[in-house]
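Indexing begins at 1, ligand by ligand and atom by atom, following the structure's order. Quantities reported herein were computed from a predicted structural model and do not represent experimental measurements.
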Amino acid sequence: MNGGVPLPRLSIGSLGGTVSMQAAAPGHAVRPTLGCDEQLAKVPQLRHMADVEVATLGLLPSASLGFAALLDVLAWARSEVERGAQGVILTQGTDTLEETAYFLDLLWPFDVPLVMTGAMRAASQPGNDGPANLLSAAQVALAQGSRGRGVLVVMNDQVHCAAKVRKTASLALAAFESPGCGRVGDVVEGAVVYRQPPGLRDVLPLPHRIEHRVALLEVCLDADTALLQAVAPLGYEGLVIAAFGAGHVSGSWAALLDQLASALPVIVATRTGSGSTARATYEFAGAEIDLQRKGVHMAGQLCPRKCRILLWLLLGTGEQTALQSWLSQ
Ligand code: ASP
């Protein structure tokens, strides 16, 4: 209660990652050990902002998270909203945050914000950013202006949308960016300032199968075709290629894509880190005009890793015919 006014209900779940890590003794390396209540204990002011429910959902490095675990996390978050949470926060490792956030965003059906955060410095390191990130995540989760924006990633007092955010630095404190479009907002002295109103969102139904697999291959200079040829025989149901420049592959890769793209959905995205694939500029073998004639889908702005998440979910819901319209958004 806050002077007789009930506090908003905020649910926080933790999955592990650096934000949950500390060293057993000075000079030792860090491991995930802190549960959600211990992370919350470092931000005592949060208890005055909200009626907080906590759940330790895991203690994993984020490289070891998977789609099945994320569907369980989603079920937990949905049930928290159904029980009255006005905001939900997930803390996790930053290594896969750009992928998990997009996965959950594609399935998040509520106006209630789902805010994800983590830390670049472990709890036992000087200047650790976990508590500050958790506090800003709470400020974002409780802000009226955050409603209807799907899943948001809050790091370093910056708010990013799930479809755009990328981890662009391995160890720096300022490790997250939304290349090409910029972040959607900032946390300024505890207030959340958005640069634009929320846009329309499309949400996918829950997948009804999870055993299927989508491969992600990156092109590189003078790459042979052995892995590309193995994709279909190995049973992958979709392929994403992180391609050169505006979405280009070598002539030898292009020669195989005719057959492959008629057997399974193939998306070509750019490996550059920002910008869109082209549609109608280049016509050489392996360029976008040739690839589209072969039945390949150009990713547009979506990065290769997020393309894989989208394709996996579309295959799991049987909605892969909608792939092109999702990529054109
Ligand atoms: N370095 C990672 C992090 O920032 C570890 C992980 O992703 O779990 O949390």
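To the nearest 0.5 Å, atoms CG (D105) and CG (L114) are separated by 8.5 Å. Expressed to the nearest 0.5 Å, how far CE of M298 lies from CD1 of I289 amounts to 10.0 Å. Taking NE2 of H297 as the start and CG of L239 as the end, the distance is 11.5 Å to the nearest 0.5 Å.
Every atom of ligand 1 is numbered from 1 in the order shown, and the set under 4.0 Å from a heavy atom of D95 is 1 (N), 2 (C), 5 (C), 6 (C), 7 (O). Interface atoms of ligand 1 facing P61, defined by a heavy-atom separation under 4.0 Å, are 8 (O). Atoms of ligand 1 found under 4.0 Å from any heavy atom of G17, numbered from 1 in the order shown, are 8 (O), 9 (O).
Looking only at protein heavy atoms, the nearest one to atom 4 (O) of ligand 1 is T94 OG1, 2.3 Å. The protein non-hydrogen atom at the shortest distance from atom 8 (O) of ligand 1 is S62 N, 2.7 Å.
Checking side-chain atoms of S146 against main-chain N and O of V140 turns up a donor-acceptor pair under 3.5 Å. Panel note: side chain D186, backbone V193; no donor-acceptor pair is recorded below 3.5 Å.
The N/O atoms of L60, backbone and side chain alike, include none that comes under 3.5 Å of an N/O atom in ligand 1. Between Q92 and ligand 1, no N or O atom pair is found at a separation short of 3.5 Å.
There is no path of hydrophobic side-chain contacts, each under 4.5 Å, that joins V203 to V153.
Distances shorter than 4.0 angstrom occur between a heavy atom of A119 and an atom of ligand 1.
Heavy atoms of P32 found under 4.0 angstrom from ligand 1: none, in either backbone or side chain.
Listed by first then second residue, pairs satisfying salt bridge (charged side-chain N to carboxylate O under 4.0 Å, His left out) with a partner in residues 215-242 read R209-E237, not counting sequence neighbours.
By heavy-atom distance, the residue among D129, V19, T18, T91 lying nearest atom 3 (C) of ligand 1 is T18.
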